[in-house]
There are 2 protein chains.
Amino acid sequence: MTSNKMRLCVLGFGAVGQGLAKVVLMKHEELIEKYGIDLEITAISDRSGAAINPNGLDLQQALDTKEKTGKIKDYPEYGVSGVDGVEVLDKAEYDCLVEATPTNIDDGQPTQTHILKAMNDKKDVVTSNKGPLALNFKTLIETARENNVKFRFEASVGGTMPVINLARESLAGNNIHSVQGILNGTTNYILSRMANEGTEYEPTLKEAQELGIAETNPYQDVEGLDAACKIVIIANSLMGWDVTLDDVSREGISGISSNAVKLALKDGYLIKLVAEANDGKLRVAPMLVKQGSPFAVNGTLNVITLKTDLSEDVTVVGVGAGSIETASAILSDIISIGKNNNN
Amino acid sequence: MTSNKMRLCVLGFGAVGQGLAKVVLMKHEELIEKYGIDLEITAISDRSGAAINPNGLDLQQALDTKEKTGKIKDYPEYGVSGVDGVEVLDKAEYDCLVEATPTNIDDGQPTQTHILKAMNDKKDVVTSNKGPLALNFKTLIETARENNVKFRFEASVGGTMPVINLARESLAGNNIHSVQGILNGTTNYILSRMANEGTEYEPTLKEAQELGIAETNPYQDVEGLDAACKIVIIANSLMGWDVTLDDVSREGISGISSNAVKLALKDGYLIKLVAEANDGKLRVAPMLVKQGSPFAVNGTLNVITLKTDLSEDVTVVGVGAGSIETASAILSDIISIGKNNNN
């Protein structure tokens, strides 16, 4: 098979960016063979600066550098310090931006600026970043359309659990009426342990933090903001709504007592943090789900049910987070763009 | 959006073929708008003959004719009697064959002849028919490749539950290591009722037959042949195996007593007919699944778990049968071919 080079500029070199570098290292030959896509990462940035080489970076070296010094600017020969994302986009030679900087749900920056600049420079964009998608979906979609570039964001919703592309490809032809899901792994882990072990919220959260499952500042997860961002992205992209984070009625899990969990259990129910988009309304709240139903998933798993006009209910269960797992969702978007461009 | 005509020849006008006609009627304008695909059915065949019009059949009239006389040959003006599938393919003007005749798992005929002829005539093919896929997968795939035509068969596995396209698109980049699923709705219905109501196998089967959920001759379902065909198709298409129906070790559900079901329940398990492809081996057999696990699905639902290298386990639950539902899977294949050809 003949293969076409596809050059990636990766902004953000945390868990997701490093996961992508590992996955590209692992799958490089296979992607050439299977899809005719010869992936090359020509730029990587983090807070310290960037590494930029128009002929492609050595990904093992990039990962080693990050592990040793924590700073990609220390990459030998091609490391640059003190450049920001916009400067990296100007200096790099690339076909597709992978935006993997940390999510900012206050104003979506600097991700939004990065994405819009890349689109206006006629580059395709793949992102795992929920911020600008939850705040300014329409602007992003319209800018992509005006510039005739591809824009994909499977990894922003449910990590490696396929949702966006599932609806787009496998359920093409269906209209999606409503969506209901457990879209946050941290809260699902806490609620699962409270149900399985009869513990209270606070010590369970603390344990989750010690295990690295909950963040030091767990606010966005436990108060439902993360799930709210995801349901907004799903409603906009799969059902054609025009909504933002402010439109979500939201309640977190910090008020749930072990007593409430026990009472629910006794009646055959579990308490889960459920996000739903139904009948024009968006909601994230603790809800009762039946034991033995597909929503009774344990641990950090995510689950989503799409209610469709032709295919009835389709439910997917998968891992909602993780470095390699999220990178795999990004990779599926990259392949979809690359296959299209090869046609 | 400019739209391209895509002309379908539909062989077989039972539940699936009629479902497709209904779905095309319902979605015609929407498909033009969303995908630029102007679907037209130019030929429909059943046992009685065919209706063939190069300018497109009136689908409401085709459905009415079938309902009234049971025979598509009675379609006004364009009805033809006594033609077989091959003759219809010769007479019809079409771009894509939809093969929806009844499944024959003894020799895959006449479906296999239809599919190969269409491919050799440089037509794309979509099918819901398991027979030739479970018996001669390689021949079909190679003939499609040699003729540079598209070949899709999402509807042959799990009805509307997305499996093949899910793995191909949403999990692109992943290798699938093994697969485990409940792939037959009839047996799942019988086993669910035996567990929920404590009934014996024979009367439960009889009730399922009265409800139209089990066929008059339930052999292929209850002895695991239907599930065996599906796991063969999955192993060949998603994992690159080269296997046929003979390679499946197979045990059905007719030997399961209500006592065995009750004992399993007491220990927290359900008995389900599970199909798996793992470590080079194919198996369909009653197995114990944990209550509360994703495999504890009730009624006629299907479920499948794909074990992947990057995305861990991905599980899908959906409706495994039904006229409109299966037609919806066919439609997603048609759209995928149409989008590709429009590029």
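In what follows, every chain begins at residue 1, and chains take the letters A, B, ... in the order their sequences are listed. Reckoned from all heavy atoms, side chains included, excluding hydrogens, waters and symmetry mates.
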Legend entry - Options A/G318, A/S332, A/P294, A/S311, ranked by heavy-atom pairs under 4.5 Å with chain B, top entry: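 With the most close heavy-atom pairs to chain B, the winner is A/S311.
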Contact summary for [X] and [Y], nearest pair of heavy atoms:
X: B/E325; Y: A/E312; result: OE2-OE2, 2.5 Å
X: B/L310; Y: A/M26; result: CD2-SD, 4.0 Å
X: A/K34; Y: B/N175; result: NZ-OD1, 3.7 Å
X: B/P162; Y: A/V314; result: CD-CG1, 3.8 Å
X: A/S328; Y: B/N174; result: OG-ND2, 3.1 Å
X: B/L331; Y: A/G173; result: CD2-CA, 3.9 Å

Inset, instruction - Report, as yes or no, whether the 6.0 Å neighbourhood of atom CG on A/N148 holds more than 12 heavy atoms from other residues, nucleotides or ligands. - result: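 Count not over threshold, so no.
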Inset, instruction - Against chain A, label B/E169 side chain, backbone, both or neither, depending on which of its atoms sit under 4.5 Å from a heavy atom there. - result: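 Both parts, backbone and side chain.
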Inset, instruction - Look up atom CG in A/L171 and atom CD in B/E154, then write down how far apart they are to the nearest 0.5 Å. - result: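 Interatomic distance, A/L171 CG to B/E154 CD, rounded to 0.5 Å: 9.0 Å.
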Inset, instruction - Can you measure from NZ (A/K27) to CG (B/D309) and round to the nearest 0.5 angstrom? - result: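 These two atoms lie 3.5 Å from each other.
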Legend entry - chain B contact via A/L166 - side chain, backbone, both or neither, heavy atoms under 4.5 Å: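 Both backbone and side chain of A/L166 come within 4.5 Å of chain B.
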Inset, instruction - Against chain B, label A/S336 side chain, backbone, both or neither, depending on which of its atoms sit under 4.5 Å from a heavy atom there. - result: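 Neither part.
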Legend entry - Most chain A-contacting option - heavy-atom pairs closer than 4.5 Å, from B/T315, B/T160, B/N165, B/I324: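 Max contact count across the listed options: B/T315.
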Inset, instruction - Among B/N298, B/V316, B/D333, B/L301, single out the residue with the greatest number of heavy-atom pairs under 4.5 Å to chain A. - result: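 When all of B/N298, B/V316, B/D333, B/L301 are compared, B/V316 has the most.
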Legend entry - Any residue meeting salt bridge (charged side-chain N to carboxylate O under 4.0 Å, His left out) with A/K307, in chain and number order, not counting sequence neighbours: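 In terms of salt bridge (charged side-chain N to carboxylate O under 4.0 Å, His left out), with neighbours along the sequence ignored, A/K307 is linked to A/D313.
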